[in-house]
Protein chains: 2
Amino acid sequence: MVATPDPRQRAWARFVTAQAMLLEHIEAAFSEADLPPLAWYDVLWILENAEHGRLRMADLARKAVVSRSNVTRLTDRMEKAGLVARSDCPIDGRGTVCELTAKGRALRAKMWPVYRKQIDTLFSKHLDSREADLISTAFGRIIDSSNQRKSS
Amino acid sequence: MVATPDPRQRAWARFVTAQAMLLEHIEAAFSEADLPPLAWYDVLWILENAEHGRLRMADLARKAVVSRSNVTRLTDRMEKAGLVARSDCPIDGRGTVCELTAKGRALRAKMWPVYRKQIDTLFSKHLDSREADLISTAFGRIIDSSNQRKSS
DNA sequence: ATATTGTGGTTGCATTTGCAATTATAGGCC
DNA sequence: GGCCTATAATTGCAAATGCAACCACAATAT
């Protein structure tokens, strides 16, 4: 490996590499526990924290950072598995609301310990709380700025 | 959004979200410039920094953090595009070495300014050098530990 | 009211990915 | 040498993804 001169570029490179490596471990852990992939967890978690456990498709897509069509297919599968339910939006005839079911809630609760364990051993374990706070605030800035570019 | 109590878990959440958002922007930038996806850049860059611009398939897979079969397909496409060339490994009859071509080198050079611009505006711009260093070292630890888990 | 333009969501199709075989060779052991 | 197991890389097939249409309805203008 050649040294990247700029510390920010090195940070970027490690950021990308770490992400890829950790996701691999996490998906493997879910798979070994006969649980669905991380993307499902994300959707369940987002819905669980939304008002009444429901969200419009587009909002769900934005929060989960996936494309519209992708969230359609994702919820197709999850609906088939009984984890969410779709219904027409009462205030917008075009819209659809995606709602968490009790089964979905239960699955999220079941997935969390597996996920948490991976986060702890792969990630949290290697950070002191000062570092964690710094990473949070720095990435918070990055996310905000990236969000603003959405309009373009 | 509900507040995640543990600062490390919040850091994790933002880490994952930021990654997804930034990759979206970066892929879009490559696409708009009629350039191939980031995965190709990664392979080209890895080869360019390897001895003689060549690497065994398995090593390439490890460095690029992709599965074996995936790297096979990736190099299939890149070979078809004339960016890399495969040949039998002289010291291991099973092996294949993947070598960067002049065309591949040229494409990497052409992609870099586009990539760099995205890294700068989306990522580097929001970090001071102290933060960048901290992120580098923290993620360096995380990557090392994750690598050690590979053996299991 | 009617036309026009915009937005929400889904679908079709091509590309890409992941996983489980499969093939070919290496390396140790007898 | 012959046998057994392990490793390198590829392939087939199913699943997931991205993109460009597409349909239905909303919102605005006239």
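Naming: A, B, ... by sequence-line order, numbering from 1 per chain.
Between the side chains of A:Tyr115 and A:Trp45, no donor-acceptor pair of N or O atoms lies under 3.5 Å.
Each of B:Val97 and B:Met57 belongs to its own hydrophobic cluster when Ile, Leu, Val, Met, Phe, Trp and Tyr are linked at side-chain heavy-atom distances under 4.5 angstrom.
Of all heavy-atom pairs spanning B:Ile142 and A:Ala18, the tightest one is CG2-CB, 4.5 Å. A:Ala61 and A:Ser67 get closest at one heavy-atom pair: CB-O, 4.3 Å.
If you take CG of A:Asn70 and C1' of D:dC19, they are 12 Å apart, rounded to a whole angstrom. Rounded to an integer number of Å, the gap from A:Arg77 CZ to D:dA14 C1' is 12 Å.
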Restricting to nitrogen or oxygen on both sides, can you table the protein-nucleotides 8-11 of chain D pairs closer than 3.5 Å?
unit_1 : atom_1 : unit_2  : atom_2 : d
D:dA8  : OP2    : B:Arg68 : NH2    : 2.7
D:dA8  : O3'    : B:Arg56 : NH2    : 3.3
D:dA9  : OP1    : B:Arg56 : NE     : 3.2
D:dA9  : OP1    : B:Met57 : N      : 3.3
D:dA9  : OP1    : B:Thr96 : N      : 3.0
D:dA9  : OP1    : B:Thr96 : O      : 3.0
D:dA9  : OP2    : B:Ala58 : N      : 2.7
D:dA9  : O3'    : B:Thr96 : OG1    : 3.4
D:dT10 : OP1    : B:Arg86 : NH1    : 2.8
D:dT10 : OP2    : B:Thr72 : OG1    : 2.9
D:dT10 : OP2    : B:Arg86 : NH1    : 3.3

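Checking side-chain atoms of B:Gln118 against main-chain N and O of B:Ala29 turns up no donor-acceptor pair under 3.5 Å.
Ion pairing between a basic and an acidic side chain is recognised when a charged N comes within 4.0 Å of a carboxylate O; A:Asp42 and A:Lys63 show no such pairing. Under a 4.0 Å N-O distance rule, the pair B:Arg62/B:Asp59 qualifies as a salt bridge.
Put simply, CH2 on A:Trp12 and CZ on B:Arg116 are 14.5 Å apart, with the number rounded to the nearest 0.5 Å.
Mapping A:Trp40 and B:Ser31 onto DNA chain D by nearest heavy atom places A:Trp40 at the nucleotide closer to the 5' end.
In the 5' to 3' direction, nucleotides of DNA chain C lying under 4.0 Å from heavy atoms of chain A begin and end at C:dG6 to C:dC13.
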